[in-house]
Protein chains: 2
Amino acid sequence: MEWKIDENLPIRTQLTEQLAAYIASGCFKPGGRFPSVRELAADAGVNPNTMQRALSELEDMGLIITNRTAGRCVTDDMEKINNVRKKQAKKQVEAFLEKMKALGFSRDEIADVINEAIKEGE
Amino acid sequence: MEWKIDENLPIRTQLTEQLAAYIASGCFKPGGRFPSVRELAADAGVNPNTMQRALSELEDMGLIITNRTAGRCVTDDMEKINNVRKKQAKKQVEAFLEKMKALGFSRDEIADVINEAIKEGE
DNA sequence: TAATCTGTATTAATTGATTAATACAAGCAT
DNA sequence: ATGCTTGTATTAATCAATTAATACAGATTA
């Protein structure tokens, strides 16, 4: 499992976002077992308390289900997962466009730059 | 002057980024007068100390020049300004692509979504 | 000259996030 | 039944960012 944590930004937020992305992208199977708080915390090199809060947020989003003593599992509600995926993507797109516009990029310029970047990555 | 501050993220970083964008996009004329620390701080609703640090970062980036007692002015080095503009844009593009990939979006999907979003805004 | 503005520096207080160190109750497997 | 793991809760400590309240020196301006 891979973690990209920027020490300068709130950790809990990043944990939530990345775990949500892992679920949304199918890295965690819908309906499948979800790792324990302590396991995830150790893996991410983070305090269990912080991870616990991130998981609470994931549950609020409806992405995981908690069984008090038997651990957690990923929701099997594919519609919910897809909704979260779309919502997160929309959020990223909007934030990106806003920042590019602030830098003075026109719509056309943004399209050019992004298409160029996508090509380069191949 | 417009400020978009997310209380959950480090303020100084956001101030620096937004001011850099204002300069990069030409909202502040190259070579022109730059507002005082106190003025900017009051306008942004932020502590002068925090704004001061943001301005220090802007100076480190070479975007503004400080005249100890006569205030500051924007650099007239257009090349420097353009470099910063490109650098910031690249940073935004890369961060955006990474997050979209984490959500399980393919290159084609990303291209579709972004082009759609650009169209919609018109 | 006096008032005002500039950037800068300093120290303390405050606030929030994160860590740390536990503890507890419930389920599950041996 | 015993030991293990689970999620959860609690309290204190730590650390960094931000705010607050000043102060100072130099330049400008009226």
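All of these numbers come straight from a predicted model, not from anything done at the bench. Here is the naming used below: chain letters follow the sequence lines, and residue numbers restart at 1 for every chain.
Listed by first then second residue, pairs satisfying salt bridge (charged side-chain N to carboxylate O under 4.0 Å, His left out) with a partner in residues 22-38 of chain A number zero, not counting sequence neighbours. The list of salt bridge (charged side-chain N to carboxylate O under 4.0 Å, His left out) pairs with a residue in residues 102-116 of chain B, not counting sequence neighbours, reads Arg85(A)-Glu109(B).
dT18(D) atom C1' lies 13 Å from atom CE of Met51(B), rounded to whole Å. Residue Asn67(B) contributes atom CG, which lies 14 Å from atom C1' of dT8(C) at whole-angstrom precision. The CD-C1' distance, from Glu7(A) to dC15(D), rounds to 12 Å in whole Å. Computed from coordinates, the Gln52(B) CD to dC24(D) C1' distance equals 14 Å when rounded to whole Å.
Among residues two or more places apart in sequence or in another chain, the side chain to side chain donor-acceptor pair (under 3.5 Å) test is passed with Glu94(B) by none. With sequence neighbours left out, the salt bridge (charged side-chain N to carboxylate O under 4.0 Å, His left out) criterion links Lys4(B) to Glu98(A).
Without hydrogens or angle criteria, Gln14(B) side chain to Leu9(B) main chain gives a donor-acceptor distance under 3.5 Å.
Applying the 4.0 Å criterion to OP1 and OP2 of dC5(C), one finds that Ser36(B) has every side-chain N and O outside that range. Regarding contacts with the backbone of dT8(D), a side-chain N or O of Arg72(A) is found under 4.0 angstrom from either OP1 or OP2.
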Walk along nucleotides 14-30 of chain C from 5' to 3' and tag each nucleotide B, S or - by protein heavy-atom contact under 4.0 Å, base first, then sugar-phosphate. ----BBBB-B--BS---

Let me check something: any side-chain donor-acceptor pairs from residues 55-70 of chain B under 3.5 Å, sequence neighbours excluded? List them with distances.
{"residue": "Ser56(B)", "atom": "OG", "partner": "Gln52(B)", "partner atom": "O", "Å": "3.2"}
{"residue": "Glu57(B)", "atom": "OE1", "partner": "Thr16(B)", "partner atom": "OG1", "Å": "2.7"}
{"residue": "Glu57(B)", "atom": "OE2", "partner": "Arg12(B)", "partner atom": "NH1", "Å": "2.7"}
{"residue": "Glu59(B)", "atom": "OE1", "partner": "Thr66(B)", "partner atom": "OG1", "Å": "2.8"}
{"residue": "Glu59(B)", "atom": "OE2", "partner": "Thr66(B)", "partner atom": "N", "Å": "3.3"}
{"residue": "Glu59(B)", "atom": "OE2", "partner": "Thr66(B)", "partner atom": "OG1", "Å": "3.0"}
{"residue": "Thr66(B)", "atom": "OG1", "partner": "Arg72(B)", "partner atom": "NH1", "Å": "3.1"}

